[in-house]
There are 2 protein chains.
Amino acid sequence: MSGQTIHLAIVDDHPLILEGLQKLLEGAAGIEITGTFGNAQDCLAFLTTGRADILLLDITLPDASGLDLCREIKQISPATRILALSNHSERSMILQMLQQGASGYMLKNVAADELIRCIREAHEGLLTFSKAVREIMAKPSAAELREIPRLTKREKEILLLIADGKTTAEIAGMLHLSPLTIETHRKNLLQKFGTPNVAAMMKAALQHGLM
Amino acid sequence: MSGQTIHLAIVDDHPLILEGLQKLLEGAAGIEITGTFGNAQDCLAFLTTGRADILLLDITLPDASGLDLCREIKQISPATRILALSNHSERSMILQMLQQGASGYMLKNVAADELIRCIREAHEGLLTFSKAVREIMAKPSAAELREIPRLTKREKEILLLIADGKTTAEIAGMLHLSPLTIETHRKNLLQKFGTPNVAAMMKAALQHGLM
DNA sequence: AATTTTCTACTGGTTTTCCGGTAGATATGA
DNA sequence: TCATATCTACCGGAAAACCAGTAGAAAATT
């Protein structure tokens, strides 16, 4: 693999960005741009027959979100390594891209030499970020660490059972408690999360990493 | 910061690991081990008064999960950078640690020089992983990419509103549709996810990254 | 143009959740 | 020992979700 040509594809909705990246990379030894696309659909069409070792992927596209496209590409072309290239600098977005299978993330102000380094590292099968992204990721924001409901042991146990789709009656049977007891716990959980129903509570709990 | 002594704390439930790490690091210039703990509680007690620039954190502890401890430490001591040091090599676990605010992750078989490099990089405010972890992260498993329900545009729209805690009547009002239409969409969503109710559907949707 | 998919809306009913509380027993902490 | 927190259980009822379908219109695809 080392010494082989890296086949690179790029998706970005701005032609100027595509032009700029091509110019930036044309001097890079061992990197060949095999396709550039302005939207998700063209990229997907290319990948069903074409080949890309590395895909530089913007997150904001006209016909799909980069998150959805990332997940879809990893499904149809698992060997393609995806590097997000985006102006989105929120830590949560970076984590979501990783969750969708991306192998790395760079902000659009990345320098040429760093861009090339990241492309090479991704090609080597390594998770890779530009330095700016590594700094962002090492700094969880205050919002992300905002007060998360402190659940008692029993509450957490019941929350997990609710998440498994169990009804109040089922949970009562499993824990050998009265359904009215479970109803009280549910009520308390909704109050702790400040949510009107289970749907919103599940979202909050998962986003806070309580499950 | 560069040239300053790094105050390092370590949490692991195995005394032999604590001993081994101390031995491994005692020759490292600029790294001072300020505390070692065998459980979550002792570590938390230390951090309420003591100080650690970097915390090496095992995930399996006798009195708490490393995930919960990570989140809790970041809340009481946001400046402390946390590096997970674990035998857990699943990509999902790594992502969860990042979500709880960790600045990096290493497997326990990490070499001494790499361990020291990661400690230094974390101290510099950078996200950092051992090479083995970078390789794992760049390789989403097949299970993670398993078939995810394909939602229509309208279904996704309604799913997001459900996740925001809206009732059928509220969603109907917002979208100018009949509540009966929304009920049909809900039924179809439950069938696509194969879940008995909204709670389980929310869990599945979030874990698949559909939101 | 024909077919398929998506979206819309409906029936009549059952099940489940949510509401806004009260309150005693047990466990835990100071 | 005392205070606090957690867990347990209850009231009566309204609101909401879930069930198992049918079915036509519009949009999208072939």
Side-chain angles (χ1 to χ4, degrees), chain A residues 39-42 44-45 48 62-64 68 147-205 210, chain B residues 39-42 44-45 48 63-64 68 72 149-205 210:
Chain A
N39 61 43
Q41 193 169 10
D42 291 345
L44 280 168
T48 54
D63 56 343
D68 292 337
E147 199 57 30
I148 296 167
R150 183 174 288 277
L151 305 184
T152 68
K153 185 175 167 177
R154 197 57 132 177
E155 285 171 340
K156 180 154 184 169
E157 185 177 14
I158 290 172
L159 181 68
L160 295 179
L161 289 170
I162 292 172
D164 284 342
K166 305 296 183 219
T167 65
T168 288
E170 287 167 341
I171 297 172
M174 293 168 78
L175 302 183
H176 300 103
L177 298 173
S178 165
L180 296 170
T181 299
I182 308 303
E183 282 293 317
T184 299
H185 283 302
R186 292 178 75 109
K187 179 168 31 182
N188 293 339
L189 280 165
L190 289 180
Q191 278 175 347
K192 280 193 173 182
F193 281 96
T195 54
N197 55 29
V198 153
M201 178 174 79
M202 295 306 306
K203 179 184 173 187
L210 289 173
Chain B
N39 62 45
Q41 194 169 6
D42 291 345
L44 280 168
T48 54
D63 55 343
D68 293 337
E72 207 161 342
R150 183 173 289 276
L151 305 183
T152 68
K153 184 175 167 175
R154 196 58 130 174
E155 286 172 340
K156 181 152 184 169
E157 184 176 17
I158 290 173
L159 180 68
L160 294 179
L161 289 171
I162 293 174
D164 284 341
K166 305 295 182 219
T167 65
T168 289
E170 288 166 338
I171 296 171
M174 292 168 79
L175 302 183
H176 301 103
L177 298 171
S178 165
L180 297 170
T181 299
I182 308 303
E183 283 293 316
T184 299
H185 284 300
R186 292 178 73 110
K187 176 170 34 177
N188 293 339
L189 281 165
L190 289 180
Q191 278 175 348
K192 281 192 171 183
F193 281 96
T195 53
N197 56 29
V198 153
M201 180 174 76
M202 295 307 306
K203 180 185 174 188
L210 289 173

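Keep in mind the model is a prediction, meaning the values are calculated, not measured. Letters A, B, ... are given to chains in the order of the sequence lines, protein chains preceding strands, and every chain is numbered from 1.
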Grab the [atom1]-[atom2] distance between [X] and [N] for me, whole Å please.
X: B:His185; N: C:dT6; atom1: NE2; atom2: P; result: 11 Å
X: A:Leu189; N: D:dT6; atom1: CG; atom2: C1'; result: 13 Å
X: B:Leu175; N: C:dT8; atom1: CG; atom2: C1'; result: 12 Å
X: B:His176; N: C:dA9; atom1: NE2; atom2: C1'; result: 17 Å
X: B:Ile158; N: C:dA9; atom1: CD1; atom2: P; result: 10 Å
X: B:Arg154; N: D:dA26; atom1: CZ; atom2: C1'; result: 13 Å
X: A:Leu180; N: C:dT22; atom1: CG; atom2: C1'; result: 13 Å
X: B:Asn188; N: C:dC10; atom1: CG; atom2: P; result: 16 Å

Please report the shortest heavy-atom distance between [X] and [Y], naming the atom on each side.
X: B:Asp42; Y: B:Asn39; result: N-OD1, 2.8 Å
X: B:Met174; Y: B:Leu161; result: CE-CD2, 3.5 Å
X: B:Ala200; Y: A:Gly165; result: CB-CA, 3.7 Å
X: B:Ala172; Y: B:Ser178; result: CB-C, 4.0 Å

Output yes when at least one side-chain N/O atom of A:Thr184 is less than 4.0 Å from OP1 or OP2 of D:dC10, else no.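 For D:dC10, OP1/OP2 do not have a side-chain N/O of A:Thr184 under 4.0 Å.
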May I ask you to verify if any side-chain N or O of A:Thr181 is less than 4.0 angstrom from the OP1 or OP2 atom of D:dT8?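 No, no such contact exists.
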Can you find a pair of side-chain heavy atoms, one from A:Arg186 and one from A:Val198, that are under 4.5 Å apart?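 Yes, their side chains come closer than 4.5 Å.
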pair B:Lys203-A:Ile162: side-chain heavy atoms closer than 4.5 Å: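 Answer no - side chains too far apart.
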Taking donor-acceptor contacts at under 3.5 Å, does the side chain of B:Thr152 reach the base of C:dC7?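 Between C:dC7 and B:Thr152, which were checked side chain against base, a qualifying N/O pair under 3.5 Å is absent.
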Using nucleotides 13-20 of chain D, report all nitrogen or oxygen pairs with the protein that are shorter than 3.5 Å.
| residue | atom | partner | partner atom | Å |
| --- | --- | --- | --- | --- |
| D:dA17 | OP1 | B:Arg186 | NH1 | 3.2 |
| D:dA17 | OP2 | B:Thr168 | N | 3.0 |
| D:dA17 | OP2 | B:Thr168 | OG1 | 2.8 |
| D:dC18 | OP1 | B:Val198 | N | 3.0 |
| D:dC18 | OP2 | B:Arg186 | NE | 3.4 |
| D:dC18 | OP2 | B:Arg186 | NH2 | 3.3 |
| D:dA20 | N7 | B:Lys187 | NZ | 2.8 |

Option among B:His185, B:Lys192, B:Arg150 that satisfies the side-chain hydrogen bond (donor to acceptor under 3.5 Å, both in side chains) test with B:Glu155: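 Considering B:His185, B:Lys192, B:Arg150, a side-chain hydrogen bond (donor to acceptor under 3.5 Å, both in side chains) with B:Glu155 is found only for B:Lys192.
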